[in-house]
Amino acid sequence: MHTPASKVSGYVVLMIVQIVFLVLFWLFVRYDKSALPARLDNEDAGSADEHVSKYPQFQDIQVMIFVGFGFLMTFLRKYGYSATGYTLFMAALVVQWSVLMKGFLHMEGGKISLSLESIIDADIAAAVPLISMGALLGRTTPIQLLCMSIVEVALFAANEYLALNILSICDCGGSITVHAFGAYFGLAVAMMLRPSSDQNEAGKHEGANYTSDIFAMIGTTFLWVYWPSFNSVLAAGTGGERAILNTFLSLAAATVTSFVVSALVSHENKLDMVHVQNSTLAGGVAVGTVCNLLLGAHGAVLIGIIAGTISVLGYRYLTPWLTNNLRLHDTCGVHNLHGMPALISAIASAIYASLVTVDSYQSELQDIFPAMVGNNGTTTKIMGGLGRNASSQAGYQLFGIALTLIIAIGGGILTGAALKYASFRNLQKDEQHQDEQYWEVPALESKEE
């Protein structure tokens with residue numbers, strides 16, 4: 001059991017981290033010009049309006065992160081306080097850390113520029129450790145989550161910079177840099193923290209009840225409704241509207257498919273609530289990287305059908321196999337909701353990138369595939385090779401997901417090893433998946449088995 005002294009020391013560490021953030025913000029962060037009073041000559045007029053116009057989408061993403069993710073993880077019947085509370089804590093922590101980490105990679109004059117767009121970027125980054133937390137849900141302490149988040153966000157920011165700024169891949173909805181990274185980082189940490197062979201069975205509190213599943217459906221519903229904003233907020237030009245349309249259609253197709261496949265593969269051909277809570281969202285992940293491309297309505301629907309099918313089959317067959325054979329406990333099934341659909345999205349991005357032509361994308365090619373544009377704004381075909389051709393861009397898309405997997409899995413293994421073998425205290429089997437270790441719970445609840 002944890003002693004009061006050990007718990008207090010852990011929370012002291014958390015406060016120290018917040019104070020360190022305070023000092024870093026004081027030293028390095030300054031308002032962007034869009035957040036400063038307008039000049040008398042009005043030369044920056046309209047800049048603030050451009051940023052404020054994204055505020056509705058910012059609100060949508062806030063709901064996804066703080067409400068959607070939090071309630072989706074309340075399916076564990078005795079872990080609701082932790083699921084919602086740690087989501088709030090981690091997101092608040094990561095938003096600050098992400099502003100700093102991403103800012104350090106894009107500093108101008110030794111300072112980090114703070115704008116609404118940088119906060120939106122930070123909110124999106126908060127999804128990364130929350131996805132990883134899903135793989136470890138109920139089996140880590142707050143201080144372990146803190147340390148994992150600090151390391152993961154640093155690696156995420158570096159990987160995103162390599163993928164988007166160096167490799168110049170297309171990843172509008174973040175399926176490669178956000179979903180794949182968060183899923184496989186978390187799975188790698190879970191692999192390092194896996195139980196011994198004699199304790200591989202499910203914990204006594206590792207399960208749902210009728211009420212907790214209904215609360216989890218609240219998270220599903222909020223994520224489903226607001227996912228188009230998540231995918232489209234960073235899209236430029238008409239790509240933003242395409243991202244909304246493609247994401248909605250993919251989500252709809254994945255939902256219908258998930259219901260059908262769930263009934264076909266589940267016991268007695270009844271619907272499985274796990275599939276309904278999670279696989280219905282797989283279409284939003286699978287279309288993320290390509291959501292601003294010219295998929296056509298049929299392309300978005302096809303991606304949703306594939307994602308829904310793969311996700312349900314993953315929950316039904318792959319997750320139990322990983323648990324029984326590799327002792328890999330993926331509590332929320334992030335491999336099925338985020339991991340495999342992200343791989344589908346990466347493959348789709350390579351296919352659609354190989355089909356890109358200047359006639360189809362016109363002036364938007366610069367925003368979507370900047371590396372395919374020559375120095376004077378013309379395409380490779382016109383410039384005779386100053387930019388990438390379509391086949392090369394497809395290769396870079398695949399290289400981007402490969403690099404992401406290497407950094408995520410490698411970083412997760414090292415982080416998991418540190419959490420397991422360093423001076424961190426790991427939860428015992430009978431302490432897992434319950435709130436009582438770190439929360440005051442009603443007396444009647446604490447006595448229930």
Below 3.5 Å, can you tabulate the donor-acceptor pairs from side chains in residues 153-170 to any protein atom, sequence neighbours excluded?
residue : atom : partner : partner atom : Å
Asn159  : ND2  : Thr404  : OG1          : 3.2
Glu160  : OE1  : Lys102  : NZ           : 3.0
Glu160  : OE2  : Lys102  : NZ           : 3.4

For residues 179-189, which side-chain donor-acceptor pairs fall under 3.5 Å, sequence neighbours excluded?
residue : atom : partner : partner atom : Å
His179  : ND1  : His338  : ND1          : 3.0
Tyr184  : OH   : His335  : NE2          : 3.1

Sequence neighbours left out, cut at 3.5 Å: what donor-acceptor pairs do the side chains of residues 281-300 make with other protein atoms?
residue : atom : partner : partner atom : Å
Thr289  : OG1  : Asp171  : OD1          : 2.7
Thr289  : OG1  : Ser345  : OG           : 3.3

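Side-chain contact between Tyr315 and Asn278 is present, with heavy atoms from C-beta onward closer than 4.5 Å. Under the 4.5 Å side-chain criterion, counting only non-hydrogen atoms from C-beta, Arg194 is not in contact with His329. Within the 4.5 Å cutoff, no side-chain heavy atoms of Phe230 are placed close to those of Gln57. Side-chain contact between Thr87 and Leu130 is present, with heavy atoms from C-beta onward closer than 4.5 Å.
Defined by atom type and a distance below 3.5 Å, a donor-acceptor pair is present between the side-chain atoms of Ser279 and Ser311. Remark: the Ser98 side chain and the Asp121 side chain contain no N/O donor-acceptor pair separated by less than 3.5 Å. If you check the side chains of Glu206 and Thr331, you find no donor sitting under 3.5 Å from an acceptor. Judged by distance alone, the side chains of Arg139 and Gln432 never bring a donor and an acceptor atom under 3.5 Å apart. Side chains of Thr357 and Ser360: a donor-acceptor N/O pair is present below 3.5 angstrom, by distance only. For Glu152 and Ser132, the side-chain atoms include at least one donor-acceptor pair closer than 3.5 Å.
Taking a 6.0 Å sphere around CZ of Phe222, one finds it holds 12 or fewer heavy atoms contributed by other residues, nucleotides or ligands. Enclosure of atom OH in Tyr79 by more than 12 non-hydrogen atoms of other residues, nucleotides or ligands within 6.0 angstrom is indicated. Atom CD of Gln59 has more than 12 heavy atoms from other residues, nucleotides or ligands within 6.0 Å.
Between the Ser212 side chain and the Phe75 main chain, a donor and an acceptor come within less than 3.5 Å of each other. Judged by distance alone, with hydrogens and angles left aside, the side-chain atoms of Ser118 form no donor-acceptor pair with the main-chain N or O of Leu114 at under 3.5 Å. Side-chain N or O atoms of Lys54 include none that pairs as donor or acceptor with a backbone N or O of Leu116 at under 3.5 Å. A donor-acceptor distance shorter than 3.5 angstrom exists from the side chain of Thr141 to the backbone of Gln144, with no hydrogens or angles considered.
One distance of note links CD1 of Ile310 with CG of Leu337; it measures 14.0 Å at 0.5 Å rounding. The structure places CG of Asp330 at 6.5 Å from CG of Leu328, a figure rounded to the nearest 0.5 Å. Between Met273 atom CE and Ser266 atom OG the span is 12.5 Å, to the nearest 0.5 Å. Atom CD of Gln277 sits about 11.5 Å away from atom CG of Leu223, to the nearest 0.5 Å.
With sequence neighbours left out, the side chain to side chain donor-acceptor pair (under 3.5 Å) criterion links Asp60 to Ser229. With sequence neighbours excluded, no residue forms a ring-ring contact (aromatic ring centres under 6.0 Å, His included) with Phe259.
A cation-pi contact, defined as under 6.0 Å to the ring centre and within 45° of the axis, links Arg388 to Tyr396.
Screening residues 105-114 for side chain to side chain donor-acceptor pair (under 3.5 Å) gives Asp32-Ser113 as the qualifying pairs, with residues at least two apart or on separate chains.
Closest heavy-atom contact between Val95 and Ala126: CG2-CB, 4.3 Å.
With salt bridges taken as basic N to acidic carboxylate O contacts below 4.0 Å, one links Glu364 and Arg242.
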